[in-house]
Amino acid sequence: MKNIRNFCIIAHIDHGKSTLADRLLEFTSTVAEREMQDQLLDNMDLERERGITIKSHAIQMVYQYKGEEYILNLIDTPGHVDFSYEVSRSIAACEGALLIVDASQGIEAQTISNLYLAIGNDLEIIPVLNKIDLPHAMPEEVSDQIIDLIGCDREDIIHASGKEGIGVEDILNAICDRIPAPKGNPQAPLQALIFDSVFNSYRGIEVYFRIMNGTLRKGERVKFINTGKTYNADEIGVLKLNQESRDVMSAGNVGYLISGIKNAKEVKVGDTITTVENPTTEAIQGFEEVKPMVFAGIYPVETSEFEELRSSMEKLQLNDASLVWEPETSAALGFGFRCGFLGMLHMEIVQERLEREFDMTVITTVPSVQFKAFTTKDGEITVNAPSEMPEPNYIDHIEEPFIKAQIISKSEYIGPIISLCMDKRGILKSQTYLTSDRVEMNFEMPLAEIVFDFFDKLKTISRGYASLDYELIGYRESNMVKLDIMLNGEKVDALSAIVHRDKAYEWGKRLCEKLRELLPRQMFEIAIQAAIGQKIISRETVKALRKNVLAKCYGGDISRKRKLLEKQKKGKKRMRQVGNVEIPQEAFLAVLKLD
Ligand code: GTP
């Protein structure tokens with residue numbers, strides 16, 4: 001145990017975590033250079049494309065240092081606010097963390113909140129100033145930020161470049177020197193923390209764990225404390241480039257467990273593994289059930305594909321335990337599913353995976369947060385969709401989720417950021433200078449205002465120099481109303497939204513205008529109306545098409561005509577017929593892009 005080092009990497013997206021991690025693996029010969037894929041730690045295609053580590057994994061390196069052999073377990077952490085609970089569990093599995101900061105960018109909000117988590121867990125922090133090869137690197141200034149933040153000495157900061165391979169050995173040595181060996185008693189009852197799981201279609205779910213106390217043996221009967229389920233530890237082992245099975249693993253170690261689990265739901269990140277024979281009485285602290293923050297409907301474009309969509313969702317859920325869903329019907333869209341996501345990024349990922357991995361074409365409806373309606377009739381009702389909103393006469397009051405948002409930016413953007421946040425019903429709580437031109441601002445805001453386009457807007461007004469992190473702080477009373485959209489007099493439930501009353505008129509007007517742009521012209525006129533209850537608050541019209549598009553081809557050659565028809569058909573792929581009006585997918589998400 002004395003020579004084990006368990007560590008994770010805290011870094012903002014794009015600050016070079018994957019590149020540097022690759023260098024560590026290369027230097028310790030964990031992977032031969034020719035085996036190196038571009039970025040080893042990010043497994044899924046999608047992740048690579050997005051450059052975001054969606055799921056954390058772990059890898060073991062062996063390193064010779066001062067004549068001794070060290071086992072270094074790197075536990076990967078996702079770098080996006082949607083996945084902060086996963087990050088917290090990875091951190092809980094480590095004794096140390098590399099804090100990687102891009103020398104040309106400085107510290108970002110996400111980094112700070114993860115860093116606080118790490119410090120709160122008593123992790124030893126090794127600061128690394130990365131990308132020092134960049135001509136516009138600002139090593140002095142960024143070092144000042146790091147020193148301010150963690151109170152280290154300037155000499156403690158390692159200068160590195162993943163790209164040029166600078167500082168790699170220093171980092172490995174610092175891991176051995178500075179990070180404490182794991183504590184824990186191998187003789188105690190087993191307590192192993194689940195920090196991640198991965199679905200494997202042949203072997204079932206692979207559970208990744210860190211043993212805090214006790215010893216785990218192959219073949220032993222184990223129990224997951226929070227779910228209460230028991231399994232056979234069919235195979236255990238360590239995670240190298242390939243898995244290496246072991247017969248016994250004890251306190252301090254990181255590894256995987258295979259026990260024929262088929263459904264990701266049974267494996268909860270943060271749960272504790274113990275043995276049936278000699279169980280611990282104490283679960284590891286910090287376990288939480290994952291809570292979806294954003295809800296939206298997912299519908300097949302072709303109504304006949306509902307069953308296929310269901311089976312795709314079931315498969316998807318096998319390896320994405322954070323995704324929750326239940327069947328839902330919409331008058332406009334027919335049969336589909338109401339899904340809960342960790343955040344907007346998670347929602348986009350699910351939609352993309354359905355399309356890529358399962359070849360489904362789906363329509364996603366306006367995302368909504370979870371409101372609470374307090375009614376005079378049925379007491380408190382949870383509202384995940386506009387359609388679940390009770391009749392206005394029964395509503396006593398409505399509460400919505402609020403967050404604490406932490407934004408870090410340059411001082412020149414303070415003005416625009418504050419006005420953006422106020423426009424989103426935010427209240428400025430504090431403003432602190434991290435350095436002479438870097439400011440941290442804290443706001444309290446409704447979650448509903450930031451799930452839409454807030455982050456994009458923030459990036460735009462700050463020219464990319466702003467980062468955002470947020471956490472839920474509870475529910476507060478708000479004057480929310482349901483806004484309905486009607487097309488030719490017919491209510492399209494999938495276009496309804498729950499909005500703040502002060503914004504409803506503006507919202508209704510802009511939404512009608514946007515829909516006018518997005519709805520294709522048809523052979524007849526389309527009236528677009530926004531209404532609160534019975535009251536129409538806005539109206540726009542899509543004029544009828546005057547000419548038949550095919551008329552152009554009259555007398556022309558048939559293949560051109562066919563091409564034109566096919567083109568139209570393709571364009572139709574993501575359209576839904578509601579009453580006699582065709583609605584393209586963009587229209588269902590029009591509210592996300594109102595200006
Ligand atoms: P996520 O996986 O999205 O969290 O990103 P990451 O932090 O893992 O960053 P990644 O290693 O993918 O690098 C991001 C970008 O920075 C890539 O375009 C890299 O080529 C580049 N990059 C990484 N390290 C260095 C470095 O030391 N110097 C320079 N100049 N560029 C680097």
Side-chain angles (χ1 to χ4, degrees), residues 7-27 30-31 33 36-59 61 74-84 86-88 90-91 97-115 117-118 125-139 141-143 146 157-172 174 196 198 342-346 348-349 352 408 455 459 464-465 467-469:
F7 69 104
C8 59
I9 297 181
I10 296 172
H12 190 71
I13 290 164
D14 272 349
H15 280 202
K17 178 178 75 176
S18 310
T19 311
L20 204 58
D22 284 351
R23 291 290 182 176
L24 301 181
L25 300 182
E26 218 177 78
F27 199 88
T30 309
V31 284
E33 228 164 300
M36 283 290 284
Q37 294 169 10
D38 251 348
Q39 309 205 319
L40 206 68
L41 281 176
D42 299 9
N43 264 338
M44 285 155 61
D45 270 4
L46 203 67
E47 281 181 68
R48 197 160 305 160
E49 234 161 77
R50 285 172 176 276
I52 293 167
T53 316
I54 296 170
K55 272 298 202 173
S56 37
H57 303 272
I59 193 152
M61 295 168 254
L74 165 57
I75 296 178
D76 196 19
T77 53
H80 191 276
V81 58
D82 282 7
F83 306 102
S84 47
E86 269 95 341
V87 177
S88 83
S90 299
I91 283 173
L98 298 181
L99 169 69
I100 297 184
V101 184
D102 184 329
S104 69
Q105 300 286 327
I107 288 168
E108 312 278 2
Q110 184 72 47
T111 316
I112 294 193
S113 62
N114 287 344
L115 179 67
L117 265 178
I125 311 291
I126 300 177
V128 177
L129 196 60
N130 195 29
K131 304 198 190 182
I132 51 156
D133 60 290
L134 285 175
H136 52 286
M138 315 170 288
E141 195 186 340
V142 179
S143 293
I146 295 176
I157 302 174
I158 300 173
H159 287 220
S161 161
K163 194 167 164 202
E164 308 283 333
I166 301 169
V168 178
E169 193 173 356
D170 294 340
I171 293 173
L172 289 165
D196 197 10
V198 170
L342 298 176
M344 291 295 279
L345 175 74
H346 186 213
E348 280 170 38
I349 289 169
E352 270 185 54
I408 294 180
F455 193 46
K459 287 266 174 200
Y465 282 109
S467 59
L468 165 75
D469 187 48

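For ligands, and for the atoms within them, numbers begin at 1 and follow the listed sequence. Bear in mind that the values here come from a model prediction, so they are computed numbers and not experimental data. Just so it is clear, the values below take in all heavy atoms, side chains as well, and ignore hydrogens, waters and symmetry mates.
An N or O contact shorter than 3.5 Å is missing between I13 and ligand 1 by distance. Of the N or O atoms in G162, one or more lie within a sub-3.5 Å distance of an N or O in ligand 1.
Between the CG atom in L134 and the NZ atom in K163 there is a gap of 7.0 Å [rounded to 0.5 Å]. Between the CG atom of L98 and the NZ atom of K17 there is a distance of 11.0 Å, given to the nearest 0.5 Å. How far CG of N130 is from NE2 of H12: 14.0 Å, rounded to the nearest 0.5 Å.
Contact annotation for L134 and ligand 1: only side-chain heavy atoms (C-beta onward) come within less than 4.0 Å of the ligand. At a heavy-atom cutoff of 4.0 Å, ligand 1 is contacted by the backbone of H15 but not by its side chain. Contacts of N130 with ligand 1, taken as heavy-atom pairs under 4.0 Å, involve the side chain alone. Contacts of E164 with ligand 1, taken as heavy-atom pairs under 4.0 Å, are absent altogether. With a heavy-atom cut-off of 4.0 Å, A11 does not touch ligand 1 at all.
Ligand-side atoms of ligand 1 in range of H12: 7 (O), range being under 4.0 angstrom from any heavy atom. Set against the non-hydrogen atoms of S161, the atoms of ligand 1 under 4.0 Å away are 26 (C), 27 (O), 28 (N).
Residues I126 and I171 are not in side-chain contact: their nearest non-hydrogen atoms beyond the backbone lie 4.5 Å or more apart. Between L24 and L172, some side-chain heavy-atom pair lies under the 4.5 Å cut-off. Residues I75 and F7 have side chains not in contact (no heavy-atom distance under 4.5 Å, counting atoms from C-beta outward).
Among K17, K131, R23, the residue whose heavy atom lies closest to atom 16 (O) of ligand 1 is K131.
Screening I158, I125, I157 against L99 for a side-chain contact (heavy atoms from CB on, under 4.5 Å) leaves a single residue, I125.
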